[in-house]
Amino acid sequence: MAKPEQTFNVNAVSRISEGTFIKGEITSPSDIRIDGSFEGKLISKGKVVVGEGATIVGDVICANMDMYGSIKGNIFVRDILTLKAGCEVDGNIAIRRLEVELDSQFNGNCKMITEDDFAALCGETPEAAVETAE
């Protein structure tokens with residue numbers, strides 16, 4: 001029996017293109033990909049992908065994150081943070097799971113957290129944290 005194909009809505013992913021600079025606060029219920037520059041606070045209930053040439057100055061709060069570019073700020077991830085080869089992180093991270101590739105750079109402190117810790121750090125109630133994870 002064939003498995004039903006998963007459909008993916010490309011419009012559900014927000015994107016900051018290469019050459020674009022945004023300063024402020026971004027809050028999104030869906031995935032975000034950054035290939036440009038961002039300064040401020042980024043909150044996503046989905047996955048954040050920071051492209052190879054991307055730079056972030058500020059804090060990121062999200063469900064999952066793939067880091068290829070550079071960030072100067074703190075990272076709070078509900079589940080998995082993946083530091084890809086060539087990325088640069090200058091700040092503290094609070095995550096549930098961490099994957100680090102060779103040649104990635106990380107300068108800061110790392111704290112392994114639970115779902116409840118994540119909710120407390122982000123000012124959510126544990127019930128809201130579970131609800132947003134679904």
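Throughout, numbering of the chain's residues begins at 1 and tracks the sequence. Everything numeric in this text was worked out from a predicted model, so none of it was measured.
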Using the rule that two of Ile, Leu, Val, Met, Phe, Trp, Tyr join whenever any of their side-chain heavy atoms come within less than 4.5 Å, decide whether [X] and [Y] are in one cluster.
X      : Y      : value
Val57  : Ile75  : no
Val77  : Ile113 : no
Met112 : Phe118 : no
Val49  : Val13  : no
Leu81  : Tyr68  : no

Item to check | side-chain contact (heavy atoms from CB on, under 4.5 Å) between Met65 and Val60, intermediate numbers included | outcome: CA-CA 9 Å; Met65 184 173 183; Val60 176; 4.1 Å; yes
Considering non-hydrogen atoms only, spot the tightest contact between [X] and [Y] and give its length.
X      : Y      : answer
Ile95  : Cys110 : CD1-SG, 4.1 Å
Lys84  : Ser104 : O-CB, 3.4 Å
Ala85  : Glu101 : N-OE1, 3.0 Å
Glu115 : Arg78  : OE1-NH1, 3.3 Å
Asp79  : Asn64  : CB-OD1, 3.2 Å
Phe106 : Leu83  : CB-CD1, 4.2 Å

Next on the checklist: The test is side-chain contact (heavy atoms from CB on, under 4.5 Å); show your working for Lys72 and Ile56 and say whether it passes.
Outcome noted: CA-CA 6 Å; Lys72 288 186 181 185; Ile56 296 177; over 6 Å; no
Item to check | Partner of Ile71 by side-chain contact (heavy atoms from CB on, under 4.5 Å), out of Val89, Val50, Ile93 | outcome: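 Single pass found, and it is Val89.
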Next on the checklist: For the CD1 atom of Ile43 and the CD1 atom of Ile61, what is their distance to the nearest 0.5 Å?
Outcome noted: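 Here the rounded value is 4.5 Å.
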Next on the checklist: Please report the interatomic distance CG(Asp66) to NZ(Lys47), rounded to the nearest 0.5 Å.
Outcome noted: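 So the CG of Asp66 and the NZ of Lys47 are separated by 3.5 Å.
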Checklist entry - Is there a donor-acceptor pair closer than 3.5 Å between any side-chain N or O of Asn92 and the backbone N or O of Gly108? => result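 Between the backbone of Gly108 and the side chain of Asn92 there is no qualifying donor-acceptor contact (under 3.5 Å).
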Item to check | Any donor-acceptor N/O pair, Asn74 side chain to Asp59 backbone, under 3.5 Å | outcome: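 It does not hold such a pair.
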When the side chains of residues 20-29 are checked against the rest of the protein, which donor-acceptor pairs come out under 3.5 Å, sequence neighbours left out?
{"unit_1": "Thr20", "atom_1": "OG1", "unit_2": "Ser17", "atom_2": "O", "d": "3.2"}
{"unit_1": "Ser28", "atom_1": "OG", "unit_2": "Ser30", "atom_2": "N", "d": "3.1"}
{"unit_1": "Ser28", "atom_1": "OG", "unit_2": "Ser30", "atom_2": "O", "d": "3.2"}
{"unit_1": "Ser28", "atom_1": "OG", "unit_2": "Ser30", "atom_2": "OG", "d": "3.3"}

Item to check | Enclosure of Glu52 CD (heavy-atom neighbours >12, cutoff 6.0 Å) | outcome: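 No, the 6.0 Å shell around CD holds no more than 12 heavy atoms from other groups.
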Item to check | Student check: side-chain heavy atoms of Met67 and Thr82 closer than 4.5 Å | outcome: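 Met67 does not reach Thr82 side chain to side chain.
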Check: residues 34-42 side-chain donor-acceptor pairs under 3.5 Å, at least two apart:
{"unit_1": "Asp35", "atom_1": "OD1", "unit_2": "Arg33", "atom_2": "NE", "d": "3.3"}
{"unit_1": "Asp35", "atom_1": "OD1", "unit_2": "Arg33", "atom_2": "NH2", "d": "3.2"}
{"unit_1": "Asp35", "atom_1": "OD2", "unit_2": "Arg15", "atom_2": "NE", "d": "3.2"}
{"unit_1": "Asp35", "atom_1": "OD2", "unit_2": "Arg15", "atom_2": "NH2", "d": "2.7"}
{"unit_1": "Asp35", "atom_1": "OD2", "unit_2": "Arg33", "atom_2": "NE", "d": "2.9"}
{"unit_1": "Ser37", "atom_1": "OG", "unit_2": "Thr55", "atom_2": "OG1", "d": "3.0"}

